[in-house]
Amino acid sequence: MDKRKVNRLNTLFEKMVSDDANINERRELDQLYQEYINDGRDHPRRKSLNDSFRKIAMN
């Protein structure tokens, strides 16, 4: 996440804490926060229940 977005995230967070954020800023904060959380994470393939059952059956 670039520095500009992190700065915007901090500004919006401060507004939210002080109850000064409007609805659009709250939505933007939510979007930036999700981007911040997911930054650098790999998105592995979601395992199916069948994969879990196979592992249990083999043990």
Side-chain angles (χ1 to χ4, degrees):
M1 180 173 235
D2 66 22
K3 187 175 181 177
R4 181 185 57 82
K5 287 185 177 181
V6 172
N7 289 336
R8 181 67 177 154
L9 178 68
N10 288 332
T11 299
L12 290 172
F13 180 77
E14 289 175 11
K15 286 185 86 169
M16 184 75 165
V17 170
S18 65
D19 255 353
D20 289 335
N22 64 39
I23 189 72
N24 291 330
E25 290 170 328
R26 291 171 189 251
R27 288 181 185 144
E28 183 182 0
L29 175 61
D30 184 53
Q31 184 179 23
L32 285 170
Y33 183 68
Q34 289 303 315
E35 184 177 338
Y36 177 80
I37 294 296
N38 293 325
D39 189 41
R41 287 188 175 182
D42 291 335
H43 297 287
R45 179 183 70 85
R46 188 174 184 203
K47 292 186 176 184
S48 71
L49 284 177
N50 288 336
D51 291 341
S52 299
F53 289 133
R54 284 185 196 129
K55 286 182 182 178
I56 292 169
M58 292 179 156
N59 288 333

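The model shown is predicted, which means the values in this text are computed figures rather than measured ones. All residue numbers refer to positions in the sequence shown, counting from 1.
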| Contacts of type salt bridge (charged side-chain N to carboxylate O under 4.0 Å, His left out), residue E14, not counting sequence neighbours | none
| said: To the nearest 0.5 Å, what is the distance between CG on D20 and CG on L12? | reply: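 These two atoms lie 11.5 Å from each other.
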| query | About how many Å separate OH of Y33 and CG of L9, when rounded to the nearest 0.5 Å? | reply | 9.0 Å
Find out whether [X] and [Y] are in side-chain contact, i.e. whether some heavy atom of one side chain is under 4.5 Å from a heavy atom of the other.
{"X": "R8", "Y": "E28", "answer": "yes"}
{"X": "E25", "Y": "M16", "answer": "no"}
{"X": "R26", "Y": "L29", "answer": "no"}

| hydrophobic_cluster_shared for V17 and V6, side chain cutoff 4.5 Å | yes
| Checking N38 side chain against Q34 main chain: does a donor-acceptor pair fall under 3.5 Å? |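 Yes.
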| note | Applying side chain to side chain contact (heavy atoms under 4.5 Å, CB included) to D2 and not counting sequence neighbours gives R4, K5
| task | Could you tell me whether E35 atom CD has more than 12 heavy atoms of other residues or ligands within 6.0 Å of it? | result |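 Yes.
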